[in-house]
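Here the structure comes first, spelled out in structure tokens, and everything after it is commentary.
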Amino acid sequence: QLQLVESGGGLVQPGGSLRLSCAASGFSLDYYAIGWFRQAPGKEREGLSCISSSGGFTNDADSVKGRFSISRDNAKNTVYLQMNSLKPEDTAIYYCAAYRNGLCGGGWSLIRVYDYWGQGTQVTVSS
């Protein structure tokens, strides 16, 4: 069974940090670009960051540039999202998704591009 599983979410104070993980089971992420998305209540799912299959190219949404950083460890079949300087408006469910042979070029934030999705992890930023 092909699965993506997110972890690392939780409650954090404004200004704090979290690192989310996206682990794959049942398949290798070596040939997949990975995107991180989030969805807040009443809002559309938003693309945050993407990393190419090799890890050599990333792309970030303007809303998280300079605060969030995506990385991958193919040996562990895992992709990470380091989130710093968190704000209350970052509160959402965070999802990872994979698309084969992806380069994270134009269109990387389109939901329809992705083949597999995780079930999400809740991030709450509140004092």
Side-chain angles (χ1 to χ4, degrees):
Q1 186 178 2
L2 308 181
Q3 271 192 316
L4 292 173
V5 180
E6 302 93 339
S7 62
L11 174 64
V12 62
Q13 292 187 341
S17 298
L18 282 175
R19 188 178 79 156
L20 305 183
S21 298
C22 171
S25 63
F27 70 110
S28 170
L29 289 181
D30 287 5
Y31 302 104
Y32 288 83
I34 303 298
W36 279 100
F37 293 74
R38 68 185 177 191
Q39 189 165 19
K43 294 190 177 181
E44 292 187 353
R45 195 166 295 192
E46 171 192 16
L48 303 175
S49 191
C50 183
I51 187 166
S52 63
S53 55
S54 68
F57 186 78
T58 62
N59 215 333
D60 302 302
D62 288 342
S63 60
V64 301
K65 277 181 181 176
R67 298 192 301 128
F68 291 9
S69 176
I70 192 170
S71 62
R72 67 190 298 154
D73 185 342
N74 283 355
K76 294 184 178 179
N77 220 23
T78 300
V79 174
Y80 305 97
L81 185 69
Q82 178 67 43
M83 306 188 296
N84 300 325
S85 302
L86 284 162
K87 307 174 184 179
E89 52 263 43
D90 293 318
T91 295
I93 299 175
Y94 284 68
Y95 301 89
C96 64
Y99 74 102
R100 190 171 176 85
N101 297 325
L103 299 176
C104 298
W108 67 267
S109 63
L110 296 175
I111 292 173
R112 66 176 184 267
V113 165
Y114 291 83
D115 302 308
Y116 304 109
W117 288 83
Q119 293 186 320
T121 185
Q122 176 71 48
V123 172
T124 303
V125 184
S126 175
S127 56

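These numbers were taken from a predicted model, which means no experiment stands behind them. Sequence positions, counted from 1, serve as the residue numbers for this chain.
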| Nearest heavy-atom neighbours spanning Gln122 and Ala92 | NE2-O, 3.4 Å

| field | hydrophobic_cluster_shared for Val64 and Leu81, side chain cutoff 4.5 Å | value | yes

| field | Over 12 non-hydrogen atoms of neighbours within 6.0 angstrom of CD in Gln119 | value | no

| Verdict with reasoning, Lys76 to Ser21, per side-chain contact (heavy atoms from CB on, under 4.5 Å) | CA-CA 11 Å; Lys76 294 184 178 179; Ser21 298; over 6 Å; no

| field | Test item: Glu6 side-chain N/O and Gly120 main-chain N/O as donor-acceptor pair under 3.5 Å | value | yes

| field | Contact check, side chains of Cys22 and Tyr94, non-hydrogen atoms, under 4.5 Å | value | no

| field | Worked check of side-chain contact (heavy atoms from CB on, under 4.5 Å) between Phe57 and Leu103 | value | CA-CA 7 Å; Phe57 186 78; Leu103 299 176; 5.8 Å; no

| task | Report, as yes or no, whether the 6.0 Å neighbourhood of atom CD on Glu44 holds more than 12 heavy atoms from other residues, nucleotides or ligands. | result | no

| request: Any chance you could measure Ser69, atom OG, to Arg19, atom CZ, to the nearest 0.5 Å? | output: 10.5 Å

| query | Between Trp117 and Phe37, what is the ring plane arrangement, given parallel below 30°, perpendicular above 60°, and tilted in between? | reply | tilted

| query | How long is the span from the OG atom in Ser25 to the CG atom in Leu2, to the nearest 0.5 Å? | reply | 8.0 Å

| task | Taking all heavy atoms of Gly47 and all of Ser109, pick out the closest pair and write down the distance. | result | CA-CB, 4.2 Å

| Rounded distance [0.5 Å steps], CG in Asp60 versus CZ in Phe68 | 10.0 Å

| Leu11 reachable from Val125 in the ILVMFWY side-chain graph, under 4.5 Å edges | no

| remark: Between the CG atom in Leu86 and the CD atom in Gln13, the distance rounded to the nearest 0.5 Å is 11.5 Å

| Which heavy atom of Tyr99 sits nearest a heavy atom of Cys104, and at what distance? | OH-N, 3.0 Å

| Considering all heavy atoms of both residues, which atom of Asn74 and which atom of Asp30 are nearest to each other, and what is their separation? | CB-OD1, 3.4 Å

| request: Would you please test Asp90 and Lys87 for salt bridge (charged side-chain N to carboxylate O under 4.0 Å, His left out) and show each step? | output: CA-CA 5 Å; Asp90 293 318; Lys87 307 174 184 179; over 6 Å; no

| Can Met83 and Val123 be said to form a side-chain contact (heavy atoms from CB on, under 4.5 Å), step by step? | CA-CA 10 Å; Met83 306 188 296; Val123 172; 3.9 Å; yes

| note | Residues Trp36 and Ile70: closest non-hydrogen pair is CD1-CD1, 3.5 Å

| Main-chain N/O of Leu29 paired to Asn77 side chain as donor or acceptor, under 3.5 Å | yes

| task | May I ask whether Leu48 and Val113 are part of the same hydrophobic cluster, defined by side-chain heavy atoms of I, L, V, M, F, W, Y residues being less than 4.5 angstrom apart, directly or through others? | result | no

| query | What about Leu4 and Ile51, same hydrophobic cluster or not, with Ile/Leu/Val/Met/Phe/Trp/Tyr joined at side-chain heavy-atom distances under 4.5 Å? | reply | yes

| message | On a heavy-atom basis, which atom in Arg72 and which in Val79 lie closest, and how many Å separate them? | response | CB-CG2, 3.7 Å

| query | Measuring from Cys96:SG to Tyr114:OH, what's the distance to the nearest 0.5 Å? | reply | 10.5 Å

| Common cluster, Leu20/Trp108, ILVMFWY with side-chain heavy-atom separation under 4.5 Å | no

| Whether over 12 other heavy atoms sit under 6.0 Å from Lys65 NZ | yes

